[in-house]
K.L.:
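My questions will all concern the structure given below.
Within every chain, numbering begins at 1; the chains are lettered A, B, ... in the order of the sequence lines, protein sequences first and strands thereafter.
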2 protein chains.
Amino acid sequence: MTTTTTTSADRPGARVLDHPDRSAIRLEDVLHALADPMRLRIVRRLAAAQGELSCTVIELPVSKSTCTHHYRVLREHGVISQIYRGTAKMNVLRRADLDELFPGLIERVLKAAELQDERLDA
Amino acid sequence: MTTTTTTSADRPGARVLDHPDRSAIRLEDVLHALADPMRLRIVRRLAAAQGELSCTVIELPVSKSTCTHHYRVLREHGVISQIYRGTAKMNVLRRADLDELFPGLIERVLKAAELQDERLDA
DNA sequence: GTCAAAATACGACGTTCCTCGTACAATGAT
DNA sequence: ATCATTGTACGAGGAACGTCGTATTTTGAC
């Protein structure tokens, strides 16, 4: 197998993840990213944490592969940024970028989600 | 044919359209509805009009059937309300309901769309 | 009654989406 | 080295989505 070869090869910049530039973030994509219940949940947790959170600490009722998928959608659409920290992968909401592009949007979405929670299960 | 029969049959309440109650409107559905370029365009036009607009006056680069589809999605997800006015169908943004459920959300989305337009094609 | 305008219904097509399981890779600790 | 932890890759299945064209319905005007 090429197993060990691959492992040592990517030492210098090891495991880099692609993030869209701020200028490449599109409103439709952000809305789409936020429109999924699992992803909205992730974003809410990240917003509440006001910092980085690993994938594992955000518990979701879906499989590991599905989690990976949702985090990737969020990252590729510019909603979060991800970096590897040891064996874990940390996630951060791209709050500054989003606020600059779409002032107040994230804040309103988060508030709306809260209000809906109160309205429905409270 | 049963043509004439059908026609005369529905005179009293003729052609009623189903709209979700305000309490049935879900954030995820609204975000999903707004995430499509055609639908976002419709919503922006309706917001700018501050009143009702027929389907025809909002020009979209898609077929008639596709238009019908998008208007239906917006209506079924609680974003717009529709009524028949003669041979036309009028559309109105459900601004009051949306503002009550999700304060400031629509406003921020509209503003975000504007800013993005300036940023991209200006 | 006929006609044109506006919109729907229906079926279809290809794409994207959300989900999963299994196998694999990368890292840090032992 | 071995191992446990964490996340990825790679299909794959099934549902939902966006689009279309054609036939049809509804309505108002002639």
K.L.:
Has B/R95 got a side-chain atom pairing as donor or acceptor with B/A47's backbone, closer than 3.5 angstrom?
P.N.:
no

K.L.:
Just the table, please: protein N/O against nucleotides 11-13 of chain C N/O, every pair under 3.5 Å.
P.N.:
none

K.L.:
It should be established whether B/R85 places a side-chain nitrogen or oxygen under 4.0 Å from OP1 or OP2 of nucleotide D/dT27.
P.N.:
no

K.L.:
For nucleotides 4-7 of chain C, which of its nitrogen or oxygen atoms have a protein nitrogen or oxygen under 3.5 Å away, and what is each distance?
P.N.:
residue, atom, partner, partner atom, Å
C/dA6, O4', B/T87, OG1, 2.8
C/dA7, OP1, B/C55, N, 3.4
C/dA7, OP1, B/K89, N, 3.1
C/dA7, OP2, B/T56, N, 3.4
C/dA7, OP2, B/T56, OG1, 2.9
C/dA7, N7, B/K64, NZ, 2.9
C/dA7, N6, B/K64, NZ, 3.4

K.L.:
Taking A/D36 for the side chain and A/M38 for the main chain, is one N or O donor matched with an acceptor at less than 3.5 Å?
P.N.:
yes

K.L.:
Pick out the pairs of N or O atoms, protein on one side and nucleotides 16-18 of chain C on the other, that lie under 3.5 Å.
P.N.:
residue, atom, partner, partner atom, Å
C/dC18, OP1, A/D36, OD1, 3.4
C/dC18, OP1, A/R39, NH2, 3.0
C/dC18, OP2, A/R39, NH1, 3.1
C/dC18, OP2, A/H69, NE2, 3.4

K.L.:
Please give me the minimum heavy-atom distance between A/V30 and A/H77, naming the atom from each residue.
P.N.:
CG2-O, 3.9 Å

K.L.:
How close or far is atom P of D/dG18 from atom CZ of B/R41, stated in whole angstroms?
P.N.:
15 Å

K.L.:
Mind checking side chain to side chain donor-acceptor pair (under 3.5 Å) for B/D99 and listing every partner two or more places apart, or none if nothing turns up?
P.N.:
none

K.L.:
Could you list the residues that satisfy ring pair (Phe, Tyr, Trp, His ring centres under 6.0 Å) with A/H19, not counting sequence neighbours?
P.N.:
none

K.L.:
Tell me whether A/R108 contacts the main-chain N or O of B/F102 through its side chain, where contact means a donor paired with an acceptor under 3.5 Å.
P.N.:
no

K.L.:
On a heavy-atom basis, which atom in A/R45 and which in A/V57 lie closest, and how many Å separate them?
P.N.:
NH2-O, 3.1 Å

K.L.:
Which atom names give the shortest non-hydrogen contact between A/A113 and A/L40, and what distance separates them?
P.N.:
CB-CD2, 4.4 Å

K.L.:
Name all stems that contain residues of DNA chain D, defined as runs of 3 or more consecutive Watson-Crick or G-U wobble pairs, both distances under 3.5 Å.
P.N.:
C:1-30 with D:1-30

K.L.:
Measure OH/A/Y71 against C1'/D/dA9 and give the value in whole Å, please.
P.N.:
19 Å

K.L.:
Take the protein atom CG of A/L74 and the nucleotide atom P of D/dG7, then report the distance between them rounded to whole Å.
P.N.:
15 Å

